[in-house]
Structure formats: C-alpha cells, structure tokens
S.K.: 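I'd like to ask some things about the structure below.
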Protein chains: 2
Amino acid sequence: MPPATPPVPDRSSTIASALRSAIVDGRLMVGDRLPSETELAEQYGVSRPTVREALKRLAAQSLIRTRRGASGGAFVNHLSYDAAHDQQITTGVLLLSMNAISFDVACEARFAMERACAPLACARRNEAQLRCMRTEVARQSDPGLTDEAFCASDVAFHRALVDAAGNPVLSWQLAGAVEAMQPLMNMITFTARSRARIVALHGRIVDAAEAMDVSTCDTALRDLESYTVEVHAAVMAQRAEKACSVR
Amino acid sequence: MPPATPPVPDRSSTIASALRSAIVDGRLMVGDRLPSETELAEQYGVSRPTVREALKRLAAQSLIRTRRGASGGAFVNHLSYDAAHDQQITTGVLLLSMNAISFDVACEARFAMERACAPLACARRNEAQLRCMRTEVARQSDPGLTDEAFCASDVAFHRALVDAAGNPVLSWQLAGAVEAMQPLMNMITFTARSRARIVALHGRIVDAAEAMDVSTCDTALRDLESYTVEVHAAVMAQRAEKACSVR
DNA sequence: GCTGTTTAATTGTCAGACAATTGGTTGTCC
DNA sequence: GGACAACCAATTGTCTGACAATTAAACAGC
C-alpha cells in the first residue's frame with residue numbers, strides 16, 4: 001500500500017481551500033454568487049478545468065451549488081440540517097468500518113449521547129413525538145415484520161426520542177451517529193428472538209418519557225445498552241463456535 | 001436568490017455517487033486502487049475531465065487519495081479520526097453560522113454531550129490526562145494570557161476531558177462539536193473579568209475527575225454551562241444597550 | 001400590456017496535447 | 001557479479017479550444 005504522504009498540494013486543491021476559507025470566514029455569505037469559472041481561472045492564473053475541479057470539491061461538501069444558464073453560476077449554499085446529516089452519516093459509517101472500532105465502543109458512544117438527550121426529551125417531549133414513538137413500538141411488536149423493517153423502525157424510534165429533546169444541534173449529531181451505527185446494529189438485530197425484550201425496553205422508555213421520569217428513562221436506556229452488548233457477545237460467540245465446528 | 005432545486009444530476013456527480021457507494025458498501029476496500037482515469041472514462045463512456053471532477057469530489061470527502069507516477073492512481077483512503085474530525089468541524093461551523101442557531105441551543109447541545117462523557121472520564125481518566133487538564137488550568141490562571149491563547153487553552157482543556165472518557169467515537173463527535181462552537185464561544189470569552197470564575201470551575205471539574213466523583217463533575221459542568229449562558233446574555237444586553245445609545 | 005422568440009451568459013462536456021512525477025528496466029562501468 | 005546512472009512507461013496534473021445544454025433577460029410582434 002502506498003504511504004499516505006501528501007506530497008505537493010496541487011493547484012485545484014489550493015484554490016478550493018482559498019474559496020472554502022472565504023466561505024467559512026464569512027467573506028462570502030450565503031447566497032452570494034462566486035465569480036464565473038472563466039473569471040476565477042483568470043484570477044488564479046489557471047485554466048477552467050482546474051477551477052472546475054476546485055469547485056467540484058466544494059460542491060461535494062455542500063458548500064456551493066451551481067446552476068447553468070444566464071445569471072447562473074456557483075452560489076454559496078445554505079447548509080441544511082439534512083445535508084449535514086447525510087455527511088455525518090457517510091463519515092460515521094466509513095470511520096466505523098475502517099478503524100476496527102469494536103462494537104462495544106461504538107455502542108457505548110451511541111448510548112452515552114442518547115442518554116444525554118433523555119433528560120431534555122423527558123422535559124420537552126410533545127404529544128406528536130410520544131405518538132410517533134408508540135407507533136413504532138406497536139409496529140415492532142408485529143411478528144410479521146421483516147428484519148429490515150424492524151431495524152428501520154428501531155432507527156425511527158430512537159430518532160423520535162432524540163428529536164423530542166427539541167435541540168436541533170443534538171438531533172444533527174445524534175441522528176447521524178445512530179444511523180451510522182445501524183449497519184453494525186443490523187448484524188445483531190437480525191435474530192428474531194431478541195425482539196420481545198427490545199420492544200419491552202422501548203415501551204419502558206416511551207412510558208418514562210411520557211411520565212417525564214428522567215431516572216427511569218436513563219435506566220431503561222442503560223438496560224437497552226447492556227442488552228445490546230450482551231446479544232452481540234452471544235452472536236459473536238455463536239459465530240466463533242460455528243467457525244470451529246466447520247474445521 | 002435562486003431556488004435550491006437540484007435540477008439534473010450531472011454525469012460527474014453520478015459517477016462520484018457510483019464510486020462512493022462502491023466504497024461505502026465495501027466493494028472497494030481500503031488501499032484498493034481504482035482504475036486509472038482513462039479506464040474509468042472508457043468504462044462510464046465519458047471524457048477524462050469529467051472523471052476527474054468525480055474523483056475530486058471523492059477526494060474532497062477524504063474517500064480517496066491520488067498519487068502521480070507509475071503505479072500511481074487513486075486509492076481508497078483510510079479515513080483517519082483526524083480527517084473525520086476536520087470534516088466535522090467544517091460542517092459544524094457552517095451549520096451553526098448558517099442556521100441562526102441561538103447561542104443557548106448550541107451551548108445546551110455541547111454541554112449535554114460533554115456531560116455524557118463525564119462519567120466515563122471520571123472512571124477512566126489517567127495521570128497524563130489529569131496532568132494535561134491541570135496544565136491548561138494553570139495556563140488559564142495567568143493574567144498575561146491573550147484572549148486567543150485563553151480560548152485555545154479552553155478548547156484543549158475540554159478536549160482532554162473528552163479524551164479521558166477513552167472512547168474514540170465520542171472524542172470524534174465531541175471534539176468536533178466543541179471546536180465548531182468555538183467561534184461562538186470566543187464572542188463571549190473575550191471579556192477578561194469572567195476568567196477567574198471559569199478557571200475555578202475548570203479546577204472543580206479536574207478535581208472531581210481526579211476523585212472519580214461523577215456527581216460533582218456533572219454539577220460543575222452544569223454550573224459552567226449556566227455561567228456561560230449567563231455571560232452571553234449579559235454581553236448581548238450590553239451590546240443592545242450600546243446600539244441604543246448610539247442612536 | 002402580453003406573448004413568443006431571440007440572445008447572451010454560464011455551466012457541462014469533450015478531444016487532444018503536454019508537463020510532472022514516480023517506479024521499473026536496462027545498460028554501462030568497475 | 002554488483003552498483004550506479006540513464007532511460008522508459010504509466011499515471012496524474014494542467015492547458016487549450018471547442019461545442020452542447022440551459023437559463024434568464026432583452027426584444028419584437030401583436
């Protein structure tokens with residue numbers, strides 16, 4: 001494998017950095033139009049394709065959006081929560097899959113953050129959010145539900161809990177983390193027999209949220225965490241055994 | 001302002017998406033070499049510049065790195081915590097600056113997550129981390145410290161606290177959040193008189209961490225949060241008054 | 001005043017070329 | 001035979017110039 005030495009910053013990345021810091025520092029405001037590609041090319045003394053590569057880098061980070069036509073061009077983008085959320089997920093998934101993160105560590109982080117939301121969620125949850133959580137719990141109780149659908153409902157439930165905290169910044173961070181961890185979670189939730197217990201714990205959580213009972217909610221989340229870790233350990237042990245018996 | 005409608009996905013972004021999902025799904029593993037630009041161009045039936053734009057998009061997300069020369073090319077990158085951290089900061093800063101996040105909301109999120117680390121940090125902190133925190137507190141006590149240096153030390157202190165939790169996933173999330181919030185924090189910490197109280201609270205936090213006293217640590221963080229909010233409110237009120245008197 | 005058409009500006013794409021970099025290969029000299 | 005230098009091939013980085021597609025605005029006709 002080649003070493004990860006960044007030898008020389010090429011011109012397109014230099015230009016991208018210059019424009020990026022202009023945006024981050026506020027010299028370019030949201031909605032501002034960047035100079036046209038031809039103008040930028042002149043300005044930086046490079047050709048248009050080079051400028052374009054730089055712009056594509058910024059577009060990949062949702063910093064700008066481009067439009068064709070007269071009065072088109074590149075505009076400083078309004079970074080929405082959705083866009084940030086997607087980036088968070090991509091980064092999270094890769095980070096987890098590429099860094100040999102143990103399941104326990106990822107799980108600990110996820111539940112630590114979720115427990116951080118719990119007090120706020122208990123204090124601020126509204127009827128719609130409670131209803132949403134109850135709906136997901138009911139759906140999860142259906143034995144006919146596919147594993148995929150169960151996992152999706154699981155994500156929706158926790159998402160609703162996090163949103164109940166009523167803090168968009170927390171929602172952004174947490175929702176990204178939870179979804180990034182989903183592939184790992186799927187490995188273990190694809191065993192049907194654990195469903196009943198998970199549903200029971202989800203029920204306890206939503207009950208606690210409705211009753212605004214912070215400590216019960218916290219305990220339920222802890223129980224869910226330890227149960228998750230436990231199931232994972234069991235699945236791993238089973239796999240190891242299977243691998244042995246194959247030999 | 002032009003509307004934010006994504007009209008047609010252009011070819012370079014289509015190719016970028018295809019390659020990105022190949023990486024995320026694991027069809028391309030870390031260290032794998034992508035086909036050369038010419039080959040990709042043939043494969044997708046486009047020209048080389050178009051392929052290059054797609055590759056630059058991936059490079060902007062640290063998904064690939066490129067090297068020139070024989071046996072050069074584009075390689076699937078190992079996403080390090082550092083790279084993820086940087087992206088987290090960029091995204092966070094933009095999100096905060098572009099979405100009219102109130103200081104209180106950002107502050108609440110930051111401290112909620114930091115309090116989530118506190119129990120782990122109290123349980124696992126080692127001597128080096130405690131020493132690091134104490135060093136920063138000592139530095140902050142120096143009245144000759146510039147405001148910039150004080151803020152940097154503040155970040156370092158909280159970073160050390162988060163790292164003490166010994167969970168790299170949490171560190172990644174938190175460190176990004178704390179640093180992204182720093183520009184907002186700077187607005188208020190640039191008033192010298194609040195330093196003594198902040199230093200005192202930092203002292204209480206590190207003492208609690210050393211004593212493995214979770215509840216004291218939690219309380220100290222709560223106090224720091226409310227004090228931060230309070231100072232911010234005072235600064236805002238003062239500014240408003242000034243603006244009035246100017247009229 | 002309204003409608004349809006033209007027009008200009010701008011991004012998206014292509015083709016071909018050359019420069020820069022890097023690893024391997026080959027050949028020469030000791 | 002071995003060490004060192006020169007060369008070569010592959011690949012990315014960049015340039016030039018061109019054309020297509022798209023869009024808003026100016027304009028002509030009624």
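Only this structure's heavy atoms are used, side chains among them; waters, hydrogens and symmetry mates stay out. Chain letters run A, B, ... following the sequence lines, proteins first and then strands; every chain starts at 1. Since this is a predicted model, take the numbers as computed values, not measurements.
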S.K.: CG of L40(B) versus C1' of dT11(D): gap in Å, rounded?
M.R.: 12 Å
S.K.: Measure from CG on L55(A) to P on dT10(C) and round the result to the nearest Å.
M.R.: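 Going from CG in L55(A) over to P in dT10(C) covers 14 Å.
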S.K.: Please examine the side chains of F103(A) and T228(A), heavy atoms only from C-beta on, and report whether any two atoms are closer than 4.5 Å.
M.R.: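 Yes, their side chains come closer than 4.5 Å.
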S.K.: Distance check: side-chain N/O of T50(B) vs OP1/OP2 of dC14(C), anything under 4.0 Å?
M.R.: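 For dC14(C), OP1/OP2 do have a side-chain N/O of T50(B) under 4.0 Å.
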S.K.: Can you tell me how far P of dT11(D) sits from CZ of R65(B), to the nearest Å?
M.R.: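 It is 17 Å, rounded to the nearest whole Å.
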S.K.: Quickly work out the E37(B) CD to dC14(C) C1' distance and round it to whole Å.
M.R.: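 Going from CD in E37(B) over to C1' in dC14(C) covers 15 Å.
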S.K.: What is the distance from CZ of R52(A) to P of dT11(C), rounded to the nearest Å?
M.R.: 8 Å
S.K.: Applying the side-chain contact (heavy atoms from CB on, under 4.5 Å) test to Y44(A), which of T50(A), V51(A), L19(A) qualifies?
M.R.: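 By the side-chain contact (heavy atoms from CB on, under 4.5 Å) criterion, Y44(A) pairs with just one of T50(A), V51(A), L19(A): L19(A).
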S.K.: For the pair made of CG in D10(B) and P in dT10(C), what is the distance, rounded to whole Å?
M.R.: 19 Å
S.K.: Which of parallel (below 30°), tilted (30 to 60°) and perpendicular (above 60°) describes F111(B) and H158(B)?
M.R.: perpendicular
S.K.: Provide, to the nearest angstrom, the distance between the CD atom belonging to E39(B) and the C1' atom belonging to dT12(D).
M.R.: 13 Å
S.K.: Looking at the side chain of S47(B), which of dG12(C), dC14(C), dT14(D) is the nearest nucleotide?
M.R.: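 The nucleotide sitting nearest to the side chain is dC14(C).
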S.K.: Would you check if there is a donor-acceptor pair between the side chains of D104(B) and S102(B) at a distance under 3.5 Å?
M.R.: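 No, no side-chain donor-acceptor contact under 3.5 Å.
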S.K.: Whole angstrom is fine here: how far is it from CD in E53(B) over to C1' in dC14(C)?
M.R.: 11 Å
S.K.: Would you say T66(B) reaches dG13(D)'s phosphate, i.e. side-chain N/O to OP1/OP2 under 4.0 Å?
M.R.: yes
S.K.: If you go through the side-chain atoms of R48(A), does one of them form a donor-acceptor pair with the base of dG12(C) closer than 3.5 Å?
M.R.: yes
S.K.: Between the side chains of R139(A) and E136(A), is the shortest nitrogen-to-carboxylate-oxygen separation below 4.0 Å, so that they form an ion pair?
M.R.: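 Yes, E136(A) and R139(A) are salt-bridged.
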S.K.: May I ask you to verify if any side-chain N or O of R68(A) is less than 4.0 angstrom from the OP1 or OP2 atom of dA20(D)?
M.R.: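 Checking dA20(D) against R68(A), no side-chain N or O comes under 4.0 Å of OP1 or OP2.
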S.K.: Counting only side-chain nitrogens and oxygens, does R11(A) get under 4.0 Å of the OP1 or OP2 atom of dG13(D)?
M.R.: no
